[in-house]
Amino acid sequence: MPRTVIHNVTLATMQQAADRSAGFGLVENGALVIEGEQILWCGPQDELPQQPADATKVDGQGGVLSPGLIDCHTHLVWGGSRANEFSMRLHGASYEEIANAGGGILSTVRATRAASEDELYQLAAVRAAALIEQGVTELEIKSGYGLDTETELKQLRVARRLAATLPINVHTTFLAAHALPDEYKDNSDGYIEHICEQMLPQAVAEGLVDAVDVFCERIGFSRAQTERVFKAAQGFNLPVKLHAEQLSDQDGAALVADYQGLSADHLEYLSEQGIAAMKQAGTVAVLLPGAFYFLRETKYPPIDALRAAGVPIAIATDANPGSSPIHNAQLMLHMASTIFRLTPEEALAGMTCHAAKALGQNESGVLQAGKQANLVLWNVAEPAELCYQFGVNPLRQRWFKGRAVHDQTSTPG
Ligand SMILES: O=C(O)CC[C@@H]1NC(=O)NC1=O
Ligand SMILES: [Fe+3]
């Protein structure tokens, strides 16, 4: 099988990054060997075993080689735009006025229902391409803008099609419990039953679901309704995750931990009890600085307490048209440090090894023999520069499943 030898690099292996003091798992003057789709070897260059003469050699010119970035929380497939309500808010309209004018999640639902699968694919492919340009090699995509079986499945089919046509891994998450559709106005329990008895079984039957999520919130679904959906997911042996404690403490994090959930996401209003339950269950805390910033939130997630408890922290874009219309993974690294005060080591772990854990997979997220060769070579001298600067893209080369699919070797100047 073809081999590629990347040498003259600083490896940010991200191994043992769960321990904050472990840092980036740096290997100065390192090298890495790709064979087929996997990492065959990585380590100090002076320990590099003899390689075949026909191996492709890449001189990293002293740059940093890291795992590809993983965006573990996105709503990437949607139709329409919410720019008008963004403008209405800036002109002083209240949420109620916007909602009464047809704004909010349900306006995106109407546009997503009206769009064809091809139209949704074309829109999402542009957003995915932006993330790929940023060094993303894996992402999660939720449904949740259909709120009826046909459109929820349409969104999930688009997510599967993105994985089949672009150099990126995609994990799908069924989020029909994102908002209450007009058809079930004042009958949220009826909608939850419809989700559990009709929508989820059909999505599973079509092989479209990797995990199940719920928006557990006063303006979303109750803890009891969330648990009803979790039980339905359990019936299909599907892992769960949760939009939890974004606007209030609904004790959602403890609930998803009770179900050994993959992650609890947002967490601005997370309690000590929720943290303890997450630690116990190994549930990842996914923080979403883009939504915090765009909504001008003032309540910070309890980051020091999560850190002290040793709960793994992941970072994601939460790319969606309402609360985080942001498709820039490098900006998330920057905001994780500048807004949430994560160290660069924590921020990069948040978009590599901890993000992989939030998706329930251990095939990527670290530089280690046997893992998928999803890598990025950065034109930076040290990994901290990925969090420090914003606005220039230091990506030089990107490998997905061992293939170089993005090459910016000609650095300007
Ligand atoms: O406004 C939207 O379109 C989605 C908002 C997004 N969904 C959720 O559960 N929390 C959010 O911030
Ligand atoms: Fe979200």
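Numbers here simply count residues along the sequence, with the first being 1. These figures come from a predicted structure and were not determined experimentally. For ligands, and for the atoms within them, numbers begin at 1 and follow the listed sequence.
- Between the side chains of T74 and D71, no donor-acceptor pair is found at a separation under 3.5 Å.
- Residue contact annotation: H243 places an N/O/S atom under 2.8 Å from the Fe ion (ligand 2).
- Ring centers of H327 and W78: under 6.0 Å apart, within the cut-off.
- Contact check on E117 versus R161 returns a salt bridge, with a Lys/Arg side-chain nitrogen under 4.0 Å from an Asp/Glu carboxylate oxygen.
- None of T173, D213, T172 except one satisfies the side chain to side chain donor-acceptor pair (under 3.5 Å) rule with K142; the exception is D213.
- Seen from the Fe ion (ligand 2), atom NE2 of H75 and atom OD1 of D318 lie 90° apart in angle, a value rounded to 10°.
- Legend: side chain to side chain donor-acceptor pair (under 3.5 Å) pairs involving residues 264-292, not counting sequence neighbours, sorted by first then second residue: H73-D265, Q246-H266, S263-D265, S271-Q273.
- Sorted by chain and number, the heavy-atom contacts of ligand 1 below 4.0 Å come from R82, I105, Y145, H178, F215, H243, Q246, H266, N320, G322, S323.
- Taking the six-membered ring for Trp and thresholds of 30 and 60 degrees, H194 and Y184 have nearly parallel ring planes, at less than 30 degrees apart.
- Screening T137, L11, L65 for a side-chain contact (heavy atoms from CB on, under 4.5 Å) with L375, the sole residue that qualifies is L65.
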